Amino acid sequence: MPKKRPEGKLYLVTGGAGFIGSCFVLDCLARKQAAVLNLDKLTYSGNLQNLAAVMDDPRHIFATGDIGDTALVDELLENYAPEAIINFAAESHVDRSIVDPTPFVDANVAGLCSFLGATLRWWRKLPAGQAATFRFLHISTDEVFGSLGPTDPAFTEKTPYAPNSPYSASKAASDHFVRAFHETYGLPTLITNCSNNYGPRQFPEKLIPLVLLNALSGRDIPIYGKGDNVRDWLHVEDHCAAINLTLERGTPGESYNIGGRSERRNLEVIEAICALLDKVRPDPQGHYARLIRHVQDRPGHDRRYAIDCGKIEHELGWKPAHDFTRGLAETVDWYLNNPDWLAAVQSGAYRNWVEKNYHNR
Ligand code: NAD
Ligand code: DAU
(Lines give C-alpha, C1' and ligand atoms only; values in the text may rest on other atoms or scores of the structure.)
(Ligands and ions follow the chains in the order given, each with its own letter.)
Protein backbone atom coordinates (compact mmCIF):
# COMPACT_ATOMS: atom_id res chain seq x y z
CA MET A 1 0.00 0.00 0.00
CA PRO A 2 1.61 3.34 -1.01
CA LYS A 3 2.05 5.76 1.91
CA LYS A 4 1.65 8.80 -0.32
CA ARG A 5 -1.76 10.37 -0.65
CA PRO A 6 -2.84 11.13 -4.24
CA GLU A 7 -3.37 14.82 -5.15
CA GLY A 8 -6.76 16.40 -4.48
CA LYS A 9 -9.73 15.19 -2.50
CA LEU A 10 -9.71 11.69 -0.97
CA TYR A 11 -12.49 9.58 0.55
CA LEU A 12 -12.05 6.65 2.88
CA VAL A 13 -14.64 4.11 1.71
CA THR A 14 -15.17 1.01 3.85
CA GLY A 15 -16.72 -2.16 2.43
CA GLY A 16 -15.83 -0.94 -1.05
CA ALA A 17 -15.38 -4.48 -2.40
CA GLY A 18 -19.03 -5.35 -1.72
CA PHE A 19 -22.08 -4.78 -3.88
CA ILE A 20 -23.00 -1.16 -3.10
CA GLY A 21 -19.54 -0.02 -1.98
CA SER A 22 -17.94 -1.12 -5.25
CA CYS A 23 -20.58 0.74 -7.26
CA PHE A 24 -19.80 3.87 -5.22
CA VAL A 25 -16.02 3.48 -5.72
CA LEU A 26 -16.28 2.87 -9.48
CA ASP A 27 -18.60 5.84 -9.90
CA CYS A 28 -16.48 8.15 -7.74
CA LEU A 29 -13.32 7.36 -9.71
CA ALA A 30 -15.07 7.49 -13.10
CA ARG A 31 -16.39 10.97 -12.31
CA LYS A 32 -12.99 12.06 -10.90
CA GLN A 33 -14.83 13.22 -7.82
CA ALA A 34 -12.17 12.05 -5.35
CA ALA A 35 -9.40 9.50 -4.90
CA VAL A 36 -10.48 6.49 -2.83
CA LEU A 37 -8.80 4.70 0.04
CA ASN A 38 -10.80 1.47 0.14
CA LEU A 39 -10.73 -0.48 3.44
CA ASP A 40 -12.39 -3.88 3.18
CA LYS A 41 -12.00 -7.05 5.22
CA LEU A 42 -12.84 -9.20 2.17
CA THR A 43 -15.38 -11.37 3.94
CA TYR A 44 -17.35 -13.88 1.85
CA SER A 45 -19.24 -11.02 0.10
CA GLY A 46 -16.21 -8.80 -0.51
CA ASN A 47 -14.94 -9.44 -4.04
CA LEU A 48 -11.92 -7.83 -5.67
CA GLN A 49 -13.36 -8.75 -9.09
CA ASN A 50 -15.92 -6.00 -8.45
CA LEU A 51 -13.01 -3.55 -8.53
CA ALA A 52 -11.09 -5.05 -11.46
CA ALA A 53 -11.52 -1.87 -13.53
CA VAL A 54 -9.75 0.31 -10.91
CA MET A 55 -7.18 -1.98 -9.28
CA ASP A 56 -4.38 -0.35 -11.33
CA ASP A 57 -5.71 3.19 -10.96
CA PRO A 58 -3.28 5.22 -8.78
CA ARG A 59 -6.28 7.11 -7.36
CA HIS A 60 -7.59 3.87 -5.85
CA ILE A 61 -5.71 2.54 -2.83
CA PHE A 62 -6.93 -0.78 -1.51
CA ALA A 63 -6.29 -1.87 2.09
CA THR A 64 -7.41 -5.28 3.35
CA GLY A 65 -8.58 -4.95 6.94
CA ASP A 66 -11.29 -4.64 9.55
CA ILE A 67 -12.95 -1.36 10.48
CA GLY A 68 -12.59 -2.55 14.10
CA ASP A 69 -8.78 -2.79 13.82
CA THR A 70 -7.93 0.46 15.59
CA ALA A 71 -4.18 0.34 14.94
CA LEU A 72 -4.77 -0.04 11.20
CA VAL A 73 -7.46 2.64 11.09
CA ASP A 74 -5.25 5.07 13.08
CA GLU A 75 -2.45 4.54 10.57
CA LEU A 76 -4.72 5.00 7.55
CA LEU A 77 -6.25 8.19 8.92
CA GLU A 78 -2.84 9.66 9.79
CA ASN A 79 -1.36 8.78 6.38
CA TYR A 80 -4.27 9.67 4.14
CA ALA A 81 -6.29 12.34 6.00
CA PRO A 82 -9.57 11.78 4.11
CA GLU A 83 -12.05 14.61 3.48
CA ALA A 84 -14.87 12.15 4.20
CA ILE A 85 -15.51 8.60 5.35
CA ILE A 86 -18.31 6.59 3.76
CA ASN A 87 -19.04 3.49 5.81
CA PHE A 88 -20.55 0.62 3.82
CA ALA A 89 -18.73 -2.12 5.76
CA ALA A 90 -21.16 -4.48 7.46
CA GLU A 91 -22.53 -7.97 7.63
CA SER A 92 -25.54 -7.48 5.38
CA HIS A 93 -27.69 -10.61 5.02
CA VAL A 94 -30.79 -11.17 7.17
CA ASP A 95 -30.86 -14.98 6.79
CA ARG A 96 -27.24 -15.30 7.93
CA SER A 97 -28.02 -13.13 10.96
CA ILE A 98 -30.82 -15.55 11.88
CA VAL A 99 -28.42 -18.50 11.71
CA ASP A 100 -25.79 -16.65 13.81
CA PRO A 101 -26.16 -13.08 15.10
CA THR A 102 -22.64 -12.84 16.59
CA PRO A 103 -20.70 -11.69 13.48
CA PHE A 104 -23.34 -8.97 13.07
CA VAL A 105 -22.68 -7.62 16.55
CA ASP A 106 -18.92 -7.88 15.99
CA ALA A 107 -18.86 -5.98 12.68
CA ASN A 108 -21.92 -3.74 12.72
CA VAL A 109 -21.87 -2.72 16.39
CA ALA A 110 -18.49 -3.33 18.09
CA GLY A 111 -16.44 -2.79 14.90
CA LEU A 112 -18.35 0.33 13.99
CA CYS A 113 -18.02 1.72 17.53
CA SER A 114 -14.21 1.26 17.50
CA PHE A 115 -14.12 2.83 14.04
CA LEU A 116 -16.07 5.87 15.25
CA GLY A 117 -13.72 6.18 18.25
CA ALA A 118 -10.60 6.14 16.05
CA THR A 119 -12.20 8.65 13.68
CA LEU A 120 -13.09 10.96 16.55
CA ARG A 121 -9.56 10.94 18.02
CA TRP A 122 -8.08 11.77 14.61
CA TRP A 123 -10.77 14.37 13.79
CA ARG A 124 -10.15 16.25 17.04
CA LYS A 125 -6.56 16.92 15.97
CA LEU A 126 -7.52 18.42 12.60
CA PRO A 127 -7.19 22.18 11.96
CA ALA A 128 -10.57 23.89 12.52
CA GLY A 129 -11.34 24.42 8.81
CA GLN A 130 -10.70 20.78 7.91
CA ALA A 131 -12.60 19.52 10.95
CA ALA A 132 -15.62 21.61 9.96
CA THR A 133 -15.89 20.24 6.43
CA PHE A 134 -15.08 16.60 7.31
CA ARG A 135 -18.04 14.17 7.07
CA PHE A 136 -18.65 10.63 8.37
CA LEU A 137 -21.49 9.13 6.32
CA HIS A 138 -22.95 5.88 7.62
CA ILE A 139 -24.95 3.67 5.24
CA SER A 140 -27.94 2.13 6.96
CA THR A 141 -31.18 0.44 6.06
CA ASP A 142 -34.95 0.89 6.13
CA GLU A 143 -35.14 -2.38 8.10
CA VAL A 144 -34.38 -0.47 11.32
CA PHE A 145 -37.97 0.84 11.19
CA GLY A 146 -39.51 -2.64 11.36
CA SER A 147 -42.45 -3.87 9.33
CA LEU A 148 -45.46 -2.12 7.74
CA GLY A 149 -48.99 -3.34 7.13
CA PRO A 150 -50.37 -3.21 3.56
CA THR A 151 -51.89 0.28 3.94
CA ASP A 152 -49.57 1.86 6.52
CA PRO A 153 -47.85 5.10 5.50
CA ALA A 154 -44.24 4.71 4.35
CA PHE A 155 -41.29 5.11 6.76
CA THR A 156 -40.13 8.68 7.30
CA GLU A 157 -36.99 9.82 9.13
CA LYS A 158 -39.20 10.28 12.21
CA THR A 159 -40.58 6.71 12.27
CA PRO A 160 -39.52 5.08 15.57
CA TYR A 161 -36.95 2.29 15.32
CA ALA A 162 -38.42 -1.23 15.72
CA PRO A 163 -35.92 -3.74 14.27
CA ASN A 164 -37.11 -7.35 14.03
CA SER A 165 -34.12 -9.40 12.84
CA PRO A 166 -30.65 -9.70 14.39
CA TYR A 167 -29.34 -7.93 11.26
CA SER A 168 -31.69 -4.97 11.59
CA ALA A 169 -31.09 -4.83 15.37
CA SER A 170 -27.35 -4.54 14.70
CA LYS A 171 -27.92 -1.81 12.09
CA ALA A 172 -30.25 0.05 14.47
CA ALA A 173 -27.53 -0.10 17.15
CA SER A 174 -24.97 1.20 14.66
CA ASP A 175 -27.23 4.14 13.76
CA HIS A 176 -27.63 4.98 17.45
CA PHE A 177 -23.85 5.01 17.94
CA VAL A 178 -23.38 7.27 14.92
CA ARG A 179 -26.04 9.62 16.23
CA ALA A 180 -24.49 9.55 19.72
CA PHE A 181 -21.05 10.48 18.34
CA HIS A 182 -22.64 13.54 16.77
CA GLU A 183 -24.70 14.56 19.79
CA THR A 184 -22.02 13.85 22.41
CA TYR A 185 -18.78 14.75 20.64
CA GLY A 186 -19.89 16.87 17.71
CA LEU A 187 -18.47 14.50 15.04
CA PRO A 188 -20.07 15.65 11.74
CA THR A 189 -21.99 12.49 10.93
CA LEU A 190 -24.74 11.73 8.42
CA ILE A 191 -26.93 8.62 8.17
CA THR A 192 -28.77 7.30 5.13
CA ASN A 193 -31.49 4.65 5.46
CA CYS A 194 -32.24 3.02 2.13
CA SER A 195 -34.47 0.30 0.78
CA ASN A 196 -33.56 -2.91 -1.10
CA ASN A 197 -30.86 -2.27 -3.69
CA TYR A 198 -30.58 -4.14 -6.96
CA GLY A 199 -28.17 -3.99 -9.88
CA PRO A 200 -24.84 -5.48 -11.06
CA ARG A 201 -22.40 -7.27 -8.73
CA GLN A 202 -24.82 -8.23 -5.94
CA PHE A 203 -23.80 -11.37 -4.06
CA PRO A 204 -26.24 -14.18 -4.99
CA GLU A 205 -27.47 -14.82 -1.46
CA LYS A 206 -29.89 -11.88 -2.02
CA LEU A 207 -33.21 -12.42 -3.78
CA ILE A 208 -32.68 -11.09 -7.33
CA PRO A 209 -29.29 -12.67 -8.16
CA LEU A 210 -30.29 -15.86 -6.31
CA VAL A 211 -33.40 -16.25 -8.46
CA LEU A 212 -31.39 -15.64 -11.62
CA LEU A 213 -28.68 -18.09 -10.69
CA ASN A 214 -31.09 -20.83 -9.67
CA ALA A 215 -33.20 -20.36 -12.81
CA LEU A 216 -30.15 -20.51 -15.08
CA SER A 217 -28.96 -23.70 -13.39
CA GLY A 218 -32.41 -25.33 -13.48
CA ARG A 219 -32.65 -25.38 -9.68
CA ASP A 220 -35.78 -24.63 -7.64
CA ILE A 221 -36.49 -20.94 -7.05
CA PRO A 222 -37.28 -20.68 -3.32
CA ILE A 223 -39.92 -18.17 -2.31
CA TYR A 224 -40.41 -17.67 1.40
CA GLY A 225 -44.02 -18.14 2.57
CA LYS A 226 -46.71 -16.91 0.20
CA GLY A 227 -44.40 -14.48 -1.60
CA ASP A 228 -46.61 -11.52 -0.75
CA ASN A 229 -43.98 -9.64 1.31
CA VAL A 230 -43.30 -6.25 -0.22
CA ARG A 231 -39.97 -4.53 -0.77
CA ASP A 232 -39.21 -1.12 -2.29
CA TRP A 233 -36.54 -1.64 -4.97
CA LEU A 234 -33.82 0.98 -5.44
CA HIS A 235 -31.26 0.82 -8.24
CA VAL A 236 -27.76 0.78 -6.76
CA GLU A 237 -26.68 3.69 -9.03
CA ASP A 238 -29.58 5.82 -7.78
CA HIS A 239 -28.50 4.95 -4.24
CA CYS A 240 -24.92 6.06 -4.93
CA ALA A 241 -26.14 9.33 -6.47
CA ALA A 242 -28.15 9.98 -3.29
CA ILE A 243 -25.10 9.23 -1.12
CA ASN A 244 -23.07 11.78 -3.10
CA LEU A 245 -25.68 14.47 -2.66
CA THR A 246 -25.94 13.72 1.05
CA LEU A 247 -22.16 14.08 1.35
CA GLU A 248 -22.16 17.37 -0.50
CA ARG A 249 -25.32 18.99 0.85
CA GLY A 250 -26.55 17.02 3.88
CA THR A 251 -26.71 18.61 7.33
CA PRO A 252 -24.50 16.91 9.96
CA GLY A 253 -26.56 15.11 12.58
CA GLU A 254 -29.39 14.43 10.13
CA SER A 255 -30.58 11.21 8.56
CA TYR A 256 -32.04 10.81 5.05
CA ASN A 257 -34.33 8.08 3.74
CA ILE A 258 -33.61 6.80 0.23
CA GLY A 259 -36.10 4.64 -1.69
CA GLY A 260 -36.87 3.67 -5.26
CA ARG A 261 -40.62 4.42 -5.21
CA SER A 262 -40.95 0.88 -6.60
CA GLU A 263 -42.84 -1.31 -4.17
CA ARG A 264 -43.30 -4.86 -5.43
CA ARG A 265 -44.45 -8.19 -3.94
CA ASN A 266 -41.68 -10.79 -3.97
CA LEU A 267 -43.71 -13.07 -6.22
CA GLU A 268 -44.09 -10.24 -8.76
CA VAL A 269 -40.31 -9.70 -8.80
CA ILE A 270 -39.58 -13.41 -9.23
CA GLU A 271 -42.16 -13.79 -11.99
CA ALA A 272 -40.74 -10.72 -13.75
CA ILE A 273 -37.23 -12.24 -13.71
CA CYS A 274 -38.58 -15.55 -15.05
CA ALA A 275 -40.45 -13.73 -17.84
CA LEU A 276 -37.31 -11.76 -18.80
CA LEU A 277 -35.27 -14.97 -18.94
CA ASP A 278 -37.98 -16.66 -21.03
CA LYS A 279 -37.42 -13.90 -23.60
CA VAL A 280 -33.66 -13.58 -23.64
CA ARG A 281 -32.50 -17.10 -22.64
CA PRO A 282 -35.44 -19.46 -23.35
CA ASP A 283 -35.15 -22.86 -21.66
CA PRO A 284 -36.07 -25.80 -23.94
CA GLN A 285 -37.55 -27.52 -20.87
CA GLY A 286 -40.23 -24.84 -20.42
CA HIS A 287 -40.99 -21.53 -18.72
CA TYR A 288 -38.67 -20.67 -15.83
CA ALA A 289 -41.67 -20.01 -13.57
CA ARG A 290 -42.13 -23.80 -13.38
CA LEU A 291 -39.15 -23.78 -10.97
CA ILE A 292 -40.82 -21.53 -8.36
CA ARG A 293 -41.36 -23.34 -5.03
CA HIS A 294 -42.97 -21.94 -1.93
CA VAL A 295 -40.74 -22.87 1.01
CA GLN A 296 -40.84 -22.38 4.76
CA ASP A 297 -40.99 -18.69 5.63
CA ARG A 298 -38.14 -16.65 7.15
CA PRO A 299 -38.73 -16.37 10.94
CA GLY A 300 -39.78 -12.83 11.90
CA HIS A 301 -40.15 -12.01 8.18
CA ASP A 302 -40.98 -8.31 7.81
CA ARG A 303 -44.19 -7.97 5.82
CA ARG A 304 -43.57 -4.72 3.99
CA TYR A 305 -41.01 -1.94 3.68
CA ALA A 306 -41.84 1.37 2.04
CA ILE A 307 -39.76 4.53 2.07
CA ASP A 308 -40.97 8.10 2.05
CA CYS A 309 -37.99 9.85 0.46
CA GLY A 310 -39.64 13.29 0.43
CA LYS A 311 -36.94 14.80 2.67
CA ILE A 312 -33.98 14.02 0.40
CA GLU A 313 -36.03 14.98 -2.66
CA HIS A 314 -37.05 18.37 -1.28
CA GLU A 315 -33.96 19.29 0.74
CA LEU A 316 -31.16 17.88 -1.43
CA GLY A 317 -32.83 17.66 -4.85
CA TRP A 318 -32.44 13.89 -5.37
CA LYS A 319 -34.86 11.63 -7.27
CA PRO A 320 -34.49 8.00 -8.37
CA ALA A 321 -33.68 7.99 -12.10
CA HIS A 322 -34.19 4.26 -12.80
CA ASP A 323 -37.53 2.76 -13.67
CA PHE A 324 -37.75 -0.69 -11.98
CA THR A 325 -38.99 -2.58 -15.06
CA ARG A 326 -36.14 -1.30 -17.22
CA GLY A 327 -33.61 -1.48 -14.38
CA LEU A 328 -34.49 -5.13 -13.74
CA ALA A 329 -34.12 -6.02 -17.44
CA GLU A 330 -30.70 -4.32 -17.52
CA THR A 331 -29.70 -6.13 -14.34
CA VAL A 332 -30.67 -9.51 -15.82
CA ASP A 333 -28.61 -8.64 -18.91
CA TRP A 334 -25.60 -7.74 -16.73
CA TYR A 335 -25.59 -11.15 -15.04
CA LEU A 336 -26.09 -12.95 -18.36
CA ASN A 337 -23.19 -11.01 -19.86
CA ASN A 338 -20.89 -11.72 -16.91
CA PRO A 339 -20.87 -15.51 -16.55
CA ASP A 340 -17.28 -15.48 -15.23
CA TRP A 341 -18.27 -13.22 -12.35
CA LEU A 342 -21.24 -15.48 -11.54
CA ALA A 343 -19.13 -18.64 -11.75
CA ALA A 344 -16.41 -17.19 -9.52
CA VAL A 345 -18.73 -16.17 -6.68
CA GLN A 346 -20.13 -19.69 -6.39
CA SER A 347 -17.23 -21.01 -4.34
CA GLY A 348 -17.49 -23.92 -1.93
CA ALA A 349 -18.39 -21.45 0.84
CA TYR A 350 -21.33 -20.20 -1.23
CA ARG A 351 -22.56 -23.74 -1.89
CA ASN A 352 -22.28 -24.53 1.84
CA TRP A 353 -24.45 -21.52 2.64
CA VAL A 354 -27.09 -22.53 0.09
CA GLU A 355 -27.15 -26.05 1.52
CA LYS A 356 -27.48 -24.72 5.09
CA ASN A 357 -30.23 -22.17 4.34
CA TYR A 358 -32.39 -24.14 1.92
CA HIS A 359 -31.97 -27.79 2.92
CA ASN A 360 -35.12 -28.96 4.74
CA ARG A 361 -36.83 -25.61 4.26
P1 NAD B 1 -22.17 -6.66 0.90
O2 NAD B 1 -22.32 -7.78 1.87
O3 NAD B 1 -22.23 -6.92 -0.55
O4 NAD B 1 -20.77 -5.91 1.19
C5 NAD B 1 -20.28 -5.67 2.48
C6 NAD B 1 -18.77 -5.39 2.36
O7 NAD B 1 -18.28 -5.03 3.66
C8 NAD B 1 -17.97 -6.59 1.88
O9 NAD B 1 -17.05 -6.19 0.89
C10 NAD B 1 -17.25 -7.07 3.14
O11 NAD B 1 -16.01 -7.69 2.87
C12 NAD B 1 -17.07 -5.77 3.90
N13 NAD B 1 -16.96 -5.93 5.36
C14 NAD B 1 -17.77 -6.66 6.16
N15 NAD B 1 -17.37 -6.54 7.44
C16 NAD B 1 -16.29 -5.72 7.44
C17 NAD B 1 -15.43 -5.20 8.45
N18 NAD B 1 -15.61 -5.52 9.73
N19 NAD B 1 -14.43 -4.36 8.09
C20 NAD B 1 -14.23 -4.04 6.79
N21 NAD B 1 -15.01 -4.50 5.79
C22 NAD B 1 -16.02 -5.33 6.11
O23 NAD B 1 -23.23 -5.59 1.35
P24 NAD B 1 -24.00 -4.46 0.50
O25 NAD B 1 -25.28 -5.02 0.04
O26 NAD B 1 -23.05 -3.84 -0.44
O27 NAD B 1 -24.34 -3.44 1.69
C28 NAD B 1 -23.46 -2.35 2.00
C29 NAD B 1 -24.06 -1.56 3.15
O30 NAD B 1 -25.36 -1.10 2.78
C31 NAD B 1 -24.27 -2.38 4.43
O32 NAD B 1 -23.97 -1.53 5.51
C33 NAD B 1 -25.75 -2.72 4.43
O34 NAD B 1 -26.23 -2.88 5.74
C35 NAD B 1 -26.32 -1.51 3.76
N36 NAD B 1 -27.58 -1.71 3.03
C37 NAD B 1 -27.67 -2.64 2.02
C38 NAD B 1 -28.86 -2.76 1.30
C39 NAD B 1 -29.02 -3.75 0.18
O40 NAD B 1 -30.12 -3.85 -0.37
N41 NAD B 1 -27.99 -4.45 -0.24
C42 NAD B 1 -29.95 -1.95 1.63
C43 NAD B 1 -29.85 -1.07 2.70
C44 NAD B 1 -28.64 -0.93 3.37
O1 DAU C 1 -34.38 -3.26 2.99
C2 DAU C 1 -32.98 -3.13 2.94
C3 DAU C 1 -32.33 -4.48 3.17
O4 DAU C 1 -32.58 -5.24 1.98
C5 DAU C 1 -30.84 -4.40 3.44
O6 DAU C 1 -30.62 -3.72 4.64
C7 DAU C 1 -30.20 -5.79 3.50
O8 DAU C 1 -28.79 -5.67 3.62
C9 DAU C 1 -30.54 -6.52 2.23
O10 DAU C 1 -30.06 -7.86 2.31
C11 DAU C 1 -32.06 -6.54 1.98
O12 DAU C 1 -32.75 -7.35 2.99
P13 DAU C 1 -33.95 -8.33 2.59
O14 DAU C 1 -34.06 -9.35 3.63
O15 DAU C 1 -35.16 -7.56 2.21
O16 DAU C 1 -33.30 -8.93 1.23
P17 DAU C 1 -33.26 -10.41 0.62
O18 DAU C 1 -32.72 -10.25 -0.77
O19 DAU C 1 -32.60 -11.37 1.52
O20 DAU C 1 -34.80 -10.78 0.52
C21 DAU C 1 -35.72 -9.98 -0.19
C22 DAU C 1 -37.10 -10.58 0.00
O23 DAU C 1 -37.16 -11.85 -0.67
C24 DAU C 1 -37.45 -10.86 1.45
O25 DAU C 1 -38.84 -10.62 1.65
C26 DAU C 1 -37.17 -12.36 1.62
C27 DAU C 1 -37.46 -12.91 0.25
N28 DAU C 1 -36.65 -14.08 -0.14
C29 DAU C 1 -35.29 -13.99 -0.04
C30 DAU C 1 -34.48 -15.05 -0.38
C31 DAU C 1 -32.97 -14.96 -0.24
C32 DAU C 1 -37.25 -15.22 -0.66
O33 DAU C 1 -38.49 -15.29 -0.79
N34 DAU C 1 -36.45 -16.26 -1.02
C35 DAU C 1 -35.10 -16.24 -0.88
O36 DAU C 1 -34.45 -17.28 -1.19
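What you are looking at is a predicted structure, and each value in this text was computed from that prediction instead of being measured. All heavy atoms count here, side chains included; hydrogens, waters and symmetry mates do not. In each ligand, atom 1 is the first atom listed, and ligand 1 is the first ligand listed.
Of the protein's heavy atoms, His301 NE2, 3.4 Å lies nearest to atom 24 (C) of ligand 2. Residue, atom and distance of the protein heavy atom nearest to atom 36 (O) of ligand 2 are Tyr358 OH, 2.7 Å. Summary of contacts: the protein heavy atom closest to atom 11 (C) of ligand 2 is Asn196 ND2, 3.4 Å. If you check which protein heavy atom lies closest to atom 5 (C) of ligand 2, you get Tyr167 OH, 3.6 Å. Of the protein's non-hydrogen atoms, the one nearest atom 23 (O) of ligand 2 is Asn266 ND2, 3.4 Å. Shortest contact from atom 34 (N) of ligand 2 to any protein heavy atom: Pro222 O, 2.9 Å. Of all protein heavy atoms, the one closest to atom 29 (C) of ligand 2 is Tyr224 CE1, 3.6 Å. Of all protein heavy atoms, the one closest to atom 9 (C) of ligand 2 is Ser92 O, 3.9 Å.
Not a single heavy atom of Gly16 sits less than 4.0 Å from an atom of ligand 1. Heavy-atom distances between Gly111 and ligand 1 stay at or above 4.0 Å for every pair. Note on ligand 2: Glu205 sits in its first shell, one or more heavy atoms being nearer than 4.0 Å.
Listed by number with element, the atoms of ligand 1 under 4.0 Å from a non-hydrogen atom of Gly46 are 8 (C), 9 (O), 11 (O). Each of the following atoms of ligand 2 lies closer than 4.0 Å to a heavy atom of Asp142: 1 (O), 2 (C). Those atoms of ligand 1 with a heavy atom of Lys171 less than 4.0 angstrom away are 31 (C), 32 (O), 33 (C), 34 (O). Contact atoms of ligand 1 toward Asn196: 40 (O) (distance under 4.0 Å to a heavy atom of the residue). In summary, the atoms of ligand 1 found under 4.0 Å from a heavy atom of Ser92, numbered by their order in the structure, are 1 (P), 2 (O), 23 (O). Taking every heavy atom of Ile139 and a limit of under 4.0 angstrom, the matching atoms of ligand 1 come to 30 (O), 32 (O). Distances below 4.0 Å separate heavy atoms of Cys194 from the following atoms of ligand 1: 42 (C), 43 (C), 44 (C). Under a 4.0 Å criterion applied to the non-hydrogen atoms of Ser195, ligand 1 contributes the atoms 42 (C), 43 (C). Annotation for ligand 2: atoms under 4.0 Å from non-hydrogen atoms of Thr141 are 1 (O), 2 (C), 3 (C), 5 (C), 6 (O). Every atom of ligand 1 is numbered from 1 in the order shown, and the set under 4.0 Å from a heavy atom of Phe88 is 28 (C), 29 (C), 31 (C), 32 (O). Atoms of ligand 2 lying under 4.0 Å from at least one heavy atom of Val94, given by number and element, are 14 (O). Ligand-side atoms of ligand 2 in range of Leu210: 36 (O), range being under 4.0 angstrom from any heavy atom.
A ring pair (Phe, Tyr, Trp, His ring centres under 6.0 Å) with His93 is found for exactly one of Phe203, Trp353, Tyr44, namely Trp353.
Ile307 and Val269 fall into different hydrophobic clusters, where Ile, Leu, Val, Met, Phe, Trp and Tyr side chains are chained together by heavy-atom contacts under 4.5 Å. Trp334 and Leu26 fall into different hydrophobic clusters, where Ile, Leu, Val, Met, Phe, Trp and Tyr residues are linked whenever their side-chain heavy atoms come under 4.5 Å apart, directly or through other members. Put simply, Trp233 and Val94 are part of two different groups of oily side chains (I, L, V, M, F, W, Y) that touch within less than 4.5 Å, one to the next. Ile98 and Val295 are members of different hydrophobic clusters when ILVMFWY side chains are connected at heavy-atom separations under 4.5 Å.
Checked by distance only, ligand 1 and Asn47 stay at 3.5 Å or farther apart across all their nitrogen or oxygen atoms. The shortest N/O to N/O separation between Thr141 and ligand 1 does not fall below 3.5 Å. For ligand 1, the polar-atom distance check against Tyr167 finds a nitrogen or oxygen pair separated by under 3.5 Å. Taking any N or O of Leu39, backbone or side chain, none lies under 3.5 Å from an N or O belonging to ligand 1. Distances between N or O atoms of Asn87 and those of ligand 1 include no value under 3.5 Å. Between Ile67 and ligand 1, at least one N/O pair is under 3.5 Å apart. Considering backbone and side-chain N/O atoms, Asp40 comes within less than 3.5 Å of an N/O atom of ligand 1.
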For a side-chain hydrogen bond (donor to acceptor under 3.5 Å, both in side chains) check, start with the C-alpha distance between Asp142 and Ser195, then their side-chain angles and the critical distance, and finish with the verdict. CA-CA 5 Å; Asp142 58 0; Ser195 59; 4.7 Å; no
Between Arg261 and Lys319, does a side-chain contact (heavy atoms from CB on, under 4.5 Å) hold up when you go through it step by step? CA-CA 9 Å; Arg261 295 202 182 278; Lys319 262 196 181 1; over 6 Å; no
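In this structure, NE2 in His322 is found 6.0 Å from CD in Glu330, a value given to the nearest 0.5 Å. One finds the CD1 atom of Ile273 at 5.0 Å from the CD1 atom of Ile208 (value rounded to the nearest 0.5 Å).
A cation-pi arrangement is present between Arg361 and Tyr224 under the rule of less than 6.0 angstrom and at most 45 degrees off the ring axis. Both tests pass for Arg231 against the ring of Tyr305: distance under 6.0 Å to the centre and angle within 45° of the axis.
A salt bridge does not link Arg304 to Asp232: none of the charged side-chain nitrogens sits closer than 4.0 Å to a carboxylate oxygen. Taking a cutoff of 4.0 Å between a charged side-chain nitrogen and a carboxylate oxygen, Lys356 and Glu205 do not qualify as a salt bridge. Salt bridge absent: Arg265 and Glu271 never bring a charged side-chain N and a carboxylate O closer than 4.0 Å.
Summarising the geometry of Ala172 relative to Tyr161, their closest heavy-atom pair is CB-CD2, 3.7 Å, with the distance given to 0.1 Å. Counting all heavy atoms, side chain and backbone alike, Leu29 lies closest to Arg59 at O-NH2, 3.1 Å. Considering every non-hydrogen atom in both Val178 and Ile191, the closest pair reads CG1-CG1, 3.7 Å. A pairwise comparison of heavy atoms in Thr331 and His235 identifies OG1-NE2, 4.4 Å as the closest pair. The two residues Arg351 and Gln346 come nearest to each other via the heavy atoms NH1-O, 2.8 Å.
Here atom 20 (O) of ligand 2 lies nearest to Arg298 when heavy atoms of His294, Arg298, Lys206 are compared. Atom 15 (O) of ligand 2 has its nearest heavy-atom neighbour, among His93, Arg265, Arg231, in Arg231. In this structure, of Leu207, Ile292, Ile208, the residue bringing a heavy atom nearest to atom 21 (C) of ligand 2 is Leu207. The option from Ala107, Pro103, Ala90, Ser174 that lies nearest to atom 13 (N) of ligand 1, judged by heavy atoms, is Ala90.
For Phe136 and Phe115, the ring centers are positioned less than 6.0 Å apart.
Here Asn197 has no heavy atoms under 4.0 Å from ligand 2, in either its backbone or its side chain. Heavy atoms of Glu143 found under 4.0 angstrom from ligand 2 belong exclusively to the side chain. At a heavy-atom cutoff of 4.0 Å, ligand 1 is contacted by no atom of Asp106, backbone or side chain.
Taking the six-membered ring for Trp and thresholds of 30 and 60 degrees, Phe88 and His239 have ring planes more than 60 degrees apart, a perpendicular arrangement.
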